[in-house]
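Here is how names work: the chains are called A, B, and so on, in the same order as the sequence lines, proteins then strands, and each is numbered from 1.
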Number of protein chains: 2
Amino acid sequence: MGTVSKALSLLTYFSRSRSLIGLSEMSRLSGLNKATVHRLLTELQDQGFVEQAGTGREYRLGVAFLRLAALREAAVPMRDIAMTALTKLAEATGETAHISLLQGSTLSTLAYVYSHQHGTRVTMEDAEVLPLHATSSGLAVLGFSDAGFVDEVLSARLEALTANTETNPAKLRKILAQVRADCMAESVGNFEDDVHTHAMPLFDARQSCIGALAIAAPVSRMDDALRTAIRANLRQAALRLTRATGGFLPQSFNEAAA
Amino acid sequence: MGTVSKALSLLTYFSRSRSLIGLSEMSRLSGLNKATVHRLLTELQDQGFVEQAGTGREYRLGVAFLRLAALREAAVPMRDIAMTALTKLAEATGETAHISLLQGSTLSTLAYVYSHQHGTRVTMEDAEVLPLHATSSGLAVLGFSDAGFVDEVLSARLEALTANTETNPAKLRKILAQVRADCMAESVGNFEDDVHTHAMPLFDARQSCIGALAIAAPVSRMDDALRTAIRANLRQAALRLTRATGGFLPQSFNEAAA
DNA sequence: ATGTTTTGGTTCATTATTTGAACCATTGGT
DNA sequence: ACCAATGGTTCAAATAATGAACCAAAACAT
């Protein structure tokens with residue numbers, strides 16, 4: 001594994017619940033020698049990608065990400081376009097709309113918008129990590145990812161997060177076939193009880209799946225009319241979002257959507 | 001120079017006006033061999049830090065920055081806090097408020113807020129690059145940066161952007177001494193004609209200066225009352241912003257501010 | 001107060017990775 | 001049709017990275 005890849009992979013150990021990581025802890029998480037981790041983190045720190053904070057001089061993500069994210073948004077206003085799409089989706093459906101991006105073998109929530117039409121709603125958190133096998137967003141992504149990646153994900157230990165979570169790889173493959181046929185994933189109580197979600201994949205300029213757009217609603221509100229509205233609005237919004245951010249739909253998606 | 005540093009330094013060549021860079025172009029900009037650049041960019045691409053787009057398969061910043069910026073904001077909501085501070089500053093002063101972060105030897109605009117109290121205003125652009133020697137933000141940063149960095153900046157070729165731009169290193173050092181005494185930088189027509197700006201430095205958890213908070217107004221509106229209001233509001237907002245994002249003021253700043 | 005464990009950090013002989021001149025196929029310009 | 005520039009690849013030689021062993025300080029347990 002290249003040195004640059006090693007350094008960048010250290011960044012993936014940061015999460016919402018683990019925003020500060022010490023040197024020894026990072027060594028344990030990554031399996032790399034403490035001296036190696038120290039050197040890699042020092043190079044990341046010199047360029048502002050991590051910084052030290054906290055009492056024990058733990059590391060956290062640095063301000064370079066804010067800067068470069070702003071630069072990336074100036075070039076491809078993906079988050080801005082996503083916020084517009086999410087707002088419209090939330091208004092049109094009355095439910096929570098969110099977008100997440102692929103990070104390794106998980107999804108990271110980029111943004112979400114709540115609807116205020118009801119007294120209850122499905123809640124999200126910034127940068128929340130979503131598993132691939134147990135969410136509609138994850139299934140949408142897997143449905144349009146290359147076979148090697150799907151194999152890798154399905155051969156890992158799949159955690160049952162609710163009584164409903166599907167963890168049988170053969171059954172998941174069948175679900176993925178359906179996702180490909182529908183160009184949409186649907187999930188009921190797989191990740192959280194009483195939550196019914198729909199998701200569609202998003203693609204980049206090279207037709208690679210990079211994330212998903214999703215709508216989450218309480219099961220109790222999901223009648224046929226709501227489901228039809230969600231499916232129609234989500235389809236339109238996801239296709240528009242991929243195109244608006246300079247992405248292209250893969251052939252397999254186009255064929256199934258026809 | 002370490003391999004990781006080399007790879008990350010490639011990212012700094014992207015700018016608002018140069019969001020797509022081809023392999024050969026990046027080789028010329030960085031002075032690195034084309035094969036080396038290709039390998040470094042490939043490793044960055046594998047982790048989502050750059051992606052290929054455009055007709056000639058040029059590279060641009062990737063979606064990983066959006067994801068990790070969201071994660072960083074979840075941990076230290078600096079941009080969120082900054083937007084609140086900028087909004088208040090713009091309202092309190094009636095002028096354009098903005099925040100920029102240090103990137104190498106320049107500043108990168110992170111966010112800005114306009115006031116709508118007047119028919120005219122100083123305008124900004126997302127991710128706009130600001131020079132250090134010719135802006136109040138830059139002078140604020142230099143005033144509270146280590147001597148080696150100041151030497152490096154002042155020994156480079158300093159561009160005269162207006163007839164007013166100070167480019168004499170000895171004079172600039174005198175200006176920096178004044179910035180340190182005032183804990184604030186002030187600049188009239190140095191970067192743009194007819195624009196009067198004030199800026200204060202922002203610090204990180206290790207007391208390093210990482211950027212500046214600034215207010216820009218047309219020269220024609222800058223009377224004593226406005227100047228006093230700007231200075232008071234800016235001082236309060238900058239100190240609060242450093243503290244709210246877990247930063248600490250360096251000793252030199254505390255002594256001068258007393 | 002003392003001893004133990006764990007931490008962040010450093011060193012340098014050894015090992016692994018990176019480098020870049022030379023090359024190739026394709027695209028763009030004249 | 002020819003030339004220039006592009007993105008991309010190869011692999012012997014060169015350079016950087018590695019990690020076991022070590023250190024001082026801090027945290028923890030008694």
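Of the two residues near DNA chain C, A:R28 and A:T42, the one whose nearest nucleotide lies more 5' is A:R28.
In this structure, CD of A:E25 is placed 21 Å from P of D:dA26, rounded to the nearest angstrom. Taking atom CE on B:M26 and atom P on D:dT6, their separation rounds to 14 Å, with Å as the unit. Distance, B:Y59 OH to D:dT6 P: 14 Å, rounded to whole Å. Rounded to whole angstrom, the span from the CD atom of A:E43 across to the P atom of D:dA16 amounts to 11 Å. A straight line from CG of A:L41 to C1' of D:dA17 spans 15 Å, rounded to a whole angstrom. Look at CZ on B:R57: it is 11 Å from P on C:dT26, rounded to the nearest Å. Rounded to whole angstrom, the span from the CG atom of A:L40 across to the C1' atom of C:dA16 amounts to 14 Å.
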Provide a list of protein-nucleic acid N or O atom pairs under 3.5 angstrom, restricted to nucleotides 19-22 of chain D.
residue : atom : partner : partner atom : Å
D:dG19  : OP2  : A:T36   : OG1          : 3.3

- Task: Take B:F248 and B:F203 through the test ring-ring contact (aromatic ring centres under 6.0 Å, His included) and record every step on the way to the result.
- Result: CA-CA 6 Å; B:F248 291 94; B:F203 302 93; over 10 Å; no
- Candidate pair B:R235 and B:D182, rule salt bridge (Lys or Arg N to Asp or Glu O under 4.0 Å), full reasoning: CA-CA 10 Å; B:R235 181 180 300 278; B:D182 281 348; over 6 Å; no
- Query: Can you list the steps and then say if A:E128 with A:R16 is a salt bridge (Lys or Arg N to Asp or Glu O under 4.0 Å)?
  - Reply: CA-CA 7 Å; A:E128 182 176 356; A:R16 187 181 178 84; over 6 Å; no
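Between B:Q45 and D:dG7 there is no side-chain polar atom (N or O) within less than 4.0 angstrom of OP1 or OP2. At D:dA17, none of the side-chain N or O atoms of A:T3 fall inside 4.0 Å of OP1 or OP2 (strictly under the cut-off).
Side-chain contact annotation: A:R67 with B:Q103, donor-acceptor N/O pair under 3.5 Å present. Under 3.5 Å, the side chains of B:T12 and B:S9 contain no donor-acceptor pair of N or O atoms.
Among the heavy atoms of the strands, none lies under 4.0 Å from A:E58.
The aromatic rings of A:F49 and A:F65 stand perpendicular to each other, their planes meeting at an angle above 60°, with 30° marking the opposite boundary.
Distances were taken from every side-chain heavy atom of B:H38 (C-beta onward) to each of C:dG8, D:dG8, C:dT18; the shortest belongs to D:dG8.
In this structure a side-chain-to-backbone donor-acceptor pair under 3.5 Å is present from A:T245 to A:L241.
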